[in-house]
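Being a predicted model, the structure only gives us computed values, none of them experimental. Naming: A, B, ... by sequence-line order, numbering from 1 per chain.
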Number of protein chains: 2
Amino acid sequence: MNTLAYGLLSLLSHSHLSGYDLMLKLQPFWPAKHSQIYPLLSNLEKEEQVTFELVAQTDKPDKKVYTITEKGIDSLREWLSVPASDPVLRDELMIKAYCLSFVDPAISRKLFVSRLEYYHIKLQRYEEKITHILKKSGVNEGEIPSYQSPYLGAYILLNKALMSCKTNIEWCTWVLKVIPADNE
Amino acid sequence: MNTLAYGLLSLLSHSHLSGYDLMLKLQPFWPAKHSQIYPLLSNLEKEEQVTFELVAQTDKPDKKVYTITEKGIDSLREWLSVPASDPVLRDELMIKAYCLSFVDPAISRKLFVSRLEYYHIKLQRYEEKITHILKKSGVNEGEIPSYQSPYLGAYILLNKALMSCKTNIEWCTWVLKVIPADNE
DNA sequence: CGCTCCATGTAACTGGTTACATGATTCC
DNA sequence: GGAATCATGTAACCAGTTACATGGAGCG
């Protein structure tokens with residue numbers, strides 16, 4: 001049982017999903033390709049942490065829709081009780097930022113301008129998602145889903161994504177102010 | 001040539017370091033173990049991107065101090081010209097946050113309290129480092145190292161680390177407000 | 001006609017971690 | 001006496017990516 005396996009279980013603890021759905025939903029929080037997910041799911045099935053049902057579709061390929069078992073929920077609970085290991089961030093831009101001065105400012109600027117675009121797209125998506133789940137959870141304006149609500153987890157995560165995104169935009173914008181413009 | 005190799009080159013572009021030093025310095029920005037770094041360094045040496053000098057020490061083991069070559073600087077420059085790939089963050093706490101409601105609030109709180117401690121320690125370290133490099137760079141108060149300054153890269157990175165750290169502290173603190181206290 | 005989306009799977013490879021191995025010094 | 005730091009290296013393993021494989025539906 002690795003972290004990815006628990007990631008799959010935690011998504012399945014909220015809804016029934018296919019391997020393909022799991023891959024898409026997990027992307028923002030624990031990136032993984034389908035080639036890693038499918039074998040893991042069949043392991044989880046062997047261990048009786050999940051079950052699946054073959055769902056035939058007409059205009060799309062058939063799919064396996066997975067459901068978490070009581071045993072699966074139990075191992076999630078156990079996993080939640082041990083402290084989370086340290087977060088790991090790997091960002092090429094940070095290494096590139098360290099040796100900016102080896103190339104001319106125009107090239108440096110490009111790096112940060114395109115990263116800014118990346119974050120702006122993310123920001124928009126996160127904002128859409130957060131209003132969407134707040135609507136679904138049915139809370140009043142300014143309120144937060146309760147501890148028992150199945151939407152609390154998603155709301156907490158999206159809030160983190162939003163906050164980090166904004167901070168990164170701030171950082172990139174600041175860096176662009178520090179890099180001299182081309183016409184200077 | 002993978003990202004880690006460029007990470008080593010970028011550190012060596014600023015100073016002469018041993019494999020051990022490189023490992024320690026790289027940790028905050030691209031975590032890697034010595035077992036990954038030593039073989040990479042000997043590859044870089046074969047490709048003539050770096051050279052090394054055996055330095056004998058009396059009270060510590062001897063070491064290999066590496067120096068970047070012109071060829072190494074050139075490949076760094078080339079690498080800087082291609083856009084940085086997307087950043088990857090993997091954080092178990094995010095997955096755990098998603099299924100908080102399966103355990104009782106006391107257990108949830110523990111997760112975020114210990115993560116807060118983690119970030120507070122990081123914050124302190126980053127603050128020390130940033131004042132240290134600003135002092136070394138010799139800029140006046142409120143000023144920023146120039147584009148040509150060898151300290152600009154480190155300053156930009158530390159600023160990002162600081163900003164992210166503060167945002168994460170803010171997030172954890174907010175989450176702890178959302179999780180009901182034990183005596184409620 | 002090629003591209004993307006949906007959907008599943010395996011094989012080969014690269015990246016990263018853990019463990020094995022050695023050995024002196026310093027600190028508790 | 002045991003642990004931590006410095007310093008280098010290899011071997012075995014696990015995690016993650018890329019590529020191979022198949023195939024229908026819908027879009028431009």
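Residue A:Gln36 places none of its side-chain N or O atoms closer than 4.0 Å to OP1 or OP2 of D:dA15. Contact between the side-chain N/O atoms of A:Gln57 and the OP1/OP2 oxygens of C:dC6 is not found at any separation under 4.0 Å. Contact annotation: A:Arg90 side-chain N/O to C:dG15 OP1/OP2 distance is not under 4.0 Å. Distances shown here put a side-chain N or O of A:Lys33 below 4.0 Å from the OP1 or OP2 atom of D:dT18.
A:Leu176 meets the side-chain contact (heavy atoms from CB on, under 4.5 Å) test with A:Arg109, A:Phe112, A:Val113, A:Leu116; sequence neighbours excluded. Scanning for ring-ring contact (aromatic ring centres under 6.0 Å, His included) contacts around B:Phe29 gives an empty result, with sequence neighbours left out. For B:Ser114, there are no side-chain contact (heavy atoms from CB on, under 4.5 Å) partners, not counting sequence neighbours. For A:Asn140, the side-chain contact (heavy atoms from CB on, under 4.5 Å) partners are A:Glu143, not counting sequence neighbours.
Taking every heavy atom of residues 37-46 of chain B and every atom of DNA chain D, pairs under 4.0 Å involve B:Tyr38, by number. Contacts between residues 3-25 of chain B and DNA chain C, defined by a heavy-atom separation below 4.0 Å, involve no residue at all.
Side-chain atoms of B:Ser164 do not come within 3.5 Å of backbone N or O of B:Ala161 as any donor-acceptor pair.
Comparing atom distances between the B:Lys63 side chain and each of C:dT18, D:dT8, C:dA7 picks out D:dT8 as nearest.
Residue A:Glu127 places its CD atom among more than 12 non-hydrogen atoms of other residues, nucleotides or ligands, all under 6.0 Å distant.
With hydrophobic clusters built from ILVMFWY side chains whose heavy atoms lie under 4.5 angstrom apart, B:Met1 shares a cluster with B:Trp79.
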Nucleotide-resolved protein contact map, nucleotides 19-28 of chain C, B/S/- at heavy-atom distance under 4.0 Å: B---B-S---

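B:Val65 belongs to a hydrophobic cluster with B:Val55, counting contacts under 4.5 Å between side-chain heavy atoms of Ile, Leu, Val, Met, Phe, Trp and Tyr, direct or through other members.
Sorted by first and then second residue, the side chain to side chain donor-acceptor pair (under 3.5 Å) pairs involving residues 87-105 of chain B (not counting sequence neighbours) are A:Thr3-B:Glu92, A:Ser85-B:Glu92, B:Asp91-B:Arg115. Screening residues 20-45 of chain B for side chain to side chain donor-acceptor pair (under 3.5 Å) gives B:Ser18-B:Asp21 as the qualifying pairs, with residues at least two apart or on separate chains.
The nearest heavy atom of DNA chain D to A:Asn2 and to B:Asp62 marks one nucleotide each, and the one closer to the 5' end goes with B:Asp62.
Overall, the helix from C:dC1-D:dG28 to C:dC28-D:dG1 carries an axis bend of 40° between its ends, with five pairs at each end and the value rounded to 10°.
For B:Ser149 and B:Tyr155, the side-chain atoms include no donor-acceptor pair closer than 3.5 Å.
Atom CG of B:Leu157 and atom CG of B:Leu152 lie 9.5 Å apart (nearest 0.5 Å).
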Taking only distance into account, with no hydrogens and no angle test, what donor-acceptor pairs under 3.5 Å do side-chain atoms of residues 68-78 of chain A form with protein atoms, sequence neighbours excluded?
from, atom 1, to, atom 2, distance (Å)
A:Thr69, OG1, A:Glu48, O, 2.7
A:Thr69, OG1, A:Gln49, O, 2.9
A:Thr69, OG1, A:Lys71, N, 3.4
A:Thr69, OG1, A:Gly72, N, 3.1
A:Lys71, NZ, A:Glu47, O, 2.9
A:Asp74, OD1, A:Arg77, NH1, 3.4
A:Ser75, OG, A:Gln49, OE1, 3.2
A:Ser75, OG, A:Gly72, O, 3.0
A:Arg77, NE, B:Phe102, O, 2.8

